[in-house]
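Here the structure comes first, spelled out in structure tokens, and everything after it is commentary.
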Amino acid sequence: MRSMLFALVRKELFLVFHPMTLVVLGLSALVLVPNWPYAVILLYACLCPYFNAQSAREQRDLDFAATLPASRRDMAAARVLATALVEAACVVLMLAFSLARPLAGAPDAFVGMPPNLAFLGFSLATFAVFDLAFFALYYRDPSKVGLPFAAASVPALLVMLAFEAAPYLSPQFASLLAQPGFANLGAQLAVLGAGALLFLLGHLAAAGLAGRSFERVDI
């Protein structure tokens, strides 16, 4: 079963995923830009499942998948897992570019959250919210992509607006979590850990809901 899931994930990454996925990963470097809302990077990343679903539809991936000796639950889980791997890579790249800010001479000038560990935790939580909503809806009818994307974008956007606005609405939040670098490291690590847990649980739930929905679809 594990080997089949691994093979399906490879299929998603190398045969299904749209080339824009690599472009979005490159946009992680936008954390080097001063005075810019870094949550916009997450908006770009949330486009990846949409582009990939469109790519799968245009390549008639469902017809191909129907010929494979794999369950529909595994097929759905592979798409969710491959998406989670891309999003995790996006977060890792944002961390790497954030650490490179002093080397690039980027000033400590931010709009909303700086690209610190707490921001990365909020990013993971945002991806969990978006993917849970998107895949739960998408696998009810994989031929329709726009409505699941629009519906999933609403809660994800609310999460992003909440943590970007929080430093302006709460001085306590700003002093505790919206400081550049590793200030208040314990609090930042707590948010990062909570975000990572939500990321894991959200994608497990997304894979389960998507698999159950996909089993009822008439291909």
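All residue numbers in this chain count up from 1 along the given sequence.
Defined by atom type and a distance below 3.5 Å, a donor-acceptor pair is missing between the side-chain atoms of Gln179 and Ser175.
Under the 4.5 Å side-chain criterion, counting only non-hydrogen atoms from C-beta, Phe51 is not in contact with Thr21. Between Pro115 and Phe110 there is a side-chain heavy-atom pair separated by less than 4.5 Å. Using a 4.5 Å heavy-atom cutoff, the side chains of Phe214 and Pro142 are in contact. Inter-residue side-chain proximity for Asp61 and Lys11 is flagged as met; some heavy-atom pair is nearer than 4.5 Å. Using a 4.5 Å cut-off on side-chain heavy atoms (C-beta onward), Leu120 and Asn116 make no contact. Taking 4.5 Å as the limit, every side-chain heavy atom of Arg216 sits out of range of all side-chain heavy atoms of Arg140. Taking the side chain as every heavy atom from C-beta outward, Cys46 and Phe127 approach each other to under 4.5 Å.
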Pair Leu137-Leu147, side chain to side chain contact (heavy atoms under 4.5 Å, CB included): steps then yes or no: CA-CA 8 Å; Leu137 294 172; Leu147 182 59; over 6 Å; no
Between Val191 and Leu117, is the side chain to side chain contact (heavy atoms under 4.5 Å, CB included) condition met? List the steps. CA-CA 8 Å; Val191 174; Leu117 297 180; over 6 Å; no
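Here the CG-CZ distance, from Leu81 to Phe6, works out to 10.5 Å after rounding to the nearest 0.5 Å. With values rounded to the nearest 0.5 angstrom, Met4 atom CE is found 7.5 Å from Asp74 atom CG. With rounding to the nearest 0.5 angstrom, the CH2 atom of Trp36 is 4.5 Å from the CG atom of Leu30. Of the inter-residue distances, the one linking Cys48 atom SG with Phe130 atom CZ reads 9.5 Å to the nearest 0.5 angstrom. To the nearest 0.5 angstrom, Arg73 atom CZ is 4.0 Å from Glu215 atom CD. How far CZ of Phe97 is from CG of Leu95: 11.0 Å, rounded to the nearest 0.5 Å.
Residue Thr126 comes nearest to Ala156 through the heavy atom pair CG2-O, 3.9 Å, listed as atom of the first residue, atom of the second, then distance. The minimum heavy-atom distance between Pro167 and Met113, with the atom names listed, is CG-SD, 4.0 Å. Nearest heavy-atom pair across Ser28 and Met94 is CB-CG, 3.8 Å. In plain terms, the two heavy atoms of Ala84 and Phe199 that are nearest each other are O-CZ, 3.5 Å. In plain terms, the two heavy atoms of Ala82 and Val9 that are nearest each other are CB-CG1, 4.2 Å. In this structure, Tyr44 and Leu27 approach most closely via the heavy-atom pair CD1-CD1, 3.5 Å.
The pair Arg79-Glu12 meets the salt-bridge criterion, with a side-chain N (NZ, NE, NH1 or NH2) lying under 4.0 Å from an Asp/Glu carboxylate O.
The environment of CZ in Arg57 is crowded: more than 12 heavy-atom neighbours from other residues, nucleotides or ligands sit within 6.0 Å.
With Ser213 contributing its side chain and Ala210 its backbone, the two residues share no donor-acceptor pair below 3.5 Å. With hydrogens and angles disregarded, a donor-acceptor distance shorter than 3.5 Å links the side chain of Asn184 to the backbone of Leu176. Looking only at distances, no side-chain donor or acceptor of Ser170 sits under 3.5 Å from a matching main-chain atom of Ala166. When atom types are taken as modelled, the side chain of Asp131 and the backbone of Thr83 share no donor-acceptor pair closer than 3.5 angstrom. The backbone N or O of Phe119 lies less than 3.5 Å from a partner atom in the side chain of Ser123, making a donor-acceptor pair. In this structure, the side chain of Glu87 does not engage the main chain of Ala45 through any donor-acceptor pair within 3.5 Å. A donor-acceptor distance shorter than 3.5 angstrom exists from the side chain of Ser153 to the backbone of Phe149, with no hydrogens or angles considered. Side-chain N or O atoms of Gln188 include one that pairs as donor or acceptor with a backbone N or O of Ala183 at under 3.5 Å.
Tested against Val31 for a side chain to side chain contact (heavy atoms under 4.5 Å, CB included), the candidates Leu99, Ile41, Leu93 yield a single pass: Ile41. Residue Leu8 forms a side chain to side chain contact (heavy atoms under 4.5 Å, CB included) with just one option from Leu68, Val16, Leu13, and that option is Leu68. When Leu42, Leu192, Val129 are each tested for a side chain to side chain contact (heavy atoms under 4.5 Å, CB included) with Leu124, only one passes: Leu192.
Ring orientation note: the planes of Tyr138 and Phe134 are close to parallel, at an angle under 30° on the 30°/60° scale.
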